[in-house]
Amino acid sequence: MRIARFSIDGNVAFGAVEGDRPDELVLDIIKGIPFADFELSGTKVPLTKVRLLPPVLPNKVVAFGRNYAEHARELGNDVPDAPFAFFKPSTAVIGPGDEIQYPSFTEDLHHEAELAVVIGRMCREVPRERVKDVIFGFTCANDITARDVQKREKQWARAKGFDTSCPLGPWVETDLALETAADLTIQLTVNGEQRQLGRTSEMIHSIEDLIVNISEAMTLLPGDVILTGTPAGVGPLNVGDEVAVTIEGIGTLTNKVVKRG
C-alpha cells in the first residue's frame, strides 16, 4: 500500500494511493493514522486535486554517510568500518513539489539520492531478526548538502541540516519486503539528465545494520526516518534546476531549486 499525506481545502489527512497511471491516481482517505489500526473511508479524491505533503513528520531524521563505497571514494573519503550517523532536524523536511531553497552561506549545493526507511513503532535495541517488525515502509529522499560547508566545518549540522535540505516522498510504500528493499534501483536526474544510478544492494552496511546500530543508542519513534546513504554520482545543483529521485517499486520525488528569499 502506498500511504500519502496531503492537504485539501485547508485540511491535512492521510490516504491510500490507488491506481497505476499517474494521471488517474486517487487517494482513499484514511480514518485515523497509519501507524495504528486504521480503515479506509471509501471517500476518494483525485491526486491532482490535492497537495502532497511530506509523507511523515519525523521526530528525527537519522542519516548514514559514506554507506556506498564508490560514493565515499569519489569524495576522497575512507570507507567506514562501522555505520557513520548524523542528524537532520525536522525543520529540514519538505515534501514532493516543494522548493529546495539555495542557502546564502554555500556556493556548492549537492544532491544525494537515498532510500529512506520509515519507522512504524516505538523501539529500542532492536535485534537483527526483529528489524522488519519495526519498519512501516520506504520512501525516496534527497540528502541536500552544502558541500563546501561540509568540508570546511567539523560538524555537519549546517551543511546537511539547513531548512529544505531533506525532501521526502512522494509517499510511503508499505508493501516492500525488507529483502526486496535491499536490492532496488535508485537513480537521480537533474533537468532530465541522469546523474546518479545505483542499487541499494551496493550498501556497505545493510538496512538491518543501520537500524540495529542506531537503536542501540536511542529510541526510535513512529514516523522517524532513517536515510541509508547515497550511491556515487553526487554533484552540484543550481537555482532553477529540477531534481528528481526515482526508486524502483516506490516512485519519484521531484523538487525545484530556488534562491532563498
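The figures here come from the full heavy-atom set of this structure, side chains too, leaving out hydrogens, waters and symmetry mates. Since the structure is predicted, the reported quantities are computational estimates derived from the model, not experimental observations.
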Exercise. Return yes when atom CD of E202 has more than 12 non-hydrogen atoms of other residues, nucleotides or ligands closer than 6.0 Å, and no otherwise.
Key: yes

Self-check item: Which atom of L253 lies closest to which atom of P170, heavy atoms considered
Solution: N-CD, 4.2 Å

Quiz item: More than 12 non-hydrogen atoms from neighbouring residues, nucleotides or ligands closer than 6.0 Å to CD on E129, yes or no?
Solution: yes

Exercise. Please name the pair of heavy atoms, one in P34 and one in F136, separated by the smallest distance, quoted to 0.1 Å.
Key: O-CE1, 3.4 Å

Quiz item: Do you know which two heavy atoms are closest between N67 and G229, and how far apart they sit?
Solution: CB-CA, 4.2 Å

Quiz prompt | Rounded distance (nearest 0.5 Å) linking atom CZ of F35 with atom CD1 of I119 | solution = 10.0 Å

Exercise. Of all the heavy-atom pairs spanning R5 and P54, show the shortest one and how long it is.
Key: NH1-O, 3.0 Å

Exercise. Could you tell me whether the side chains of H111 and Q196 share a donor-acceptor contact shorter than 3.5 Å?
Key: yes

Quiz item: Checking salt bridge (Lys or Arg N to Asp or Glu O under 4.0 Å) for the pair R121/D133: CA distance, chi angles, key distance, verdict?
Solution: CA-CA 8 Å; R121 58 192 292 186; D133 299 329; 5.5 Å; no

Exercise. Consider only side-chain N and O atoms of R124 and S215, and report whether a donor and an acceptor are under 3.5 Å apart.
Key: no

Quiz item: Side-chain contact, heavy-atom cut-off 4.5 Å: L47 with F6?
Solution: no

Exercise. Test salt bridge (Lys or Arg N to Asp or Glu O under 4.0 Å) on D98 and R51 and set out the steps.
Key: CA-CA 10 Å; D98 289 341; R51 177 192 169 201; 3.0 Å; yes

Quiz item: If you count the non-hydrogen atoms of other residues, nucleotides and ligands that lie under 6.0 Å from CG in D23, is the total more than 12?
Solution: yes

Quiz prompt | Any residue meeting side-chain contact (heavy atoms from CB on, under 4.5 Å) with D241, in chain and number order, not counting sequence neighbours | solution = V190, N191, L237, N238, V257

Quiz prompt | Minimum-distance pair of heavy atoms, taken over all atoms of V225 and A116 | solution = CG1-CB, 3.9 Å

Quiz item: If you look at every heavy atom in A113 and Q187, which pair is closest and at what distance?
Solution: CB-O, 4.3 Å

Practice problem: Please determine which of R195, R66, K160 meets the salt bridge (charged side-chain N to carboxylate O under 4.0 Å, His left out) test together with E112. | Solution: K160

Practice problem: To the nearest 0.5 angstrom, please state how far the CD1 atom of I247 sits from the CD atom of E114. | Solution: 9.0 Å

Exercise. Mark yes when over 12 heavy atoms from residues, nucleotides or ligands other than E24 sit less than 6.0 Å from its CD; otherwise mark no.
Key: yes

Quiz item: Roughly how far apart are R199 CZ and D183 CG, rounded to 0.5 Å?
Solution: 4.0 Å

Quiz prompt | R128 with D209: basic N within carboxylate O range, under 4.0 Å | solution = yes

Quiz item: What distance do E208 atom CD and M203 atom CE have between them, rounded to the nearest 0.5 Å?
Solution: 10.0 Å

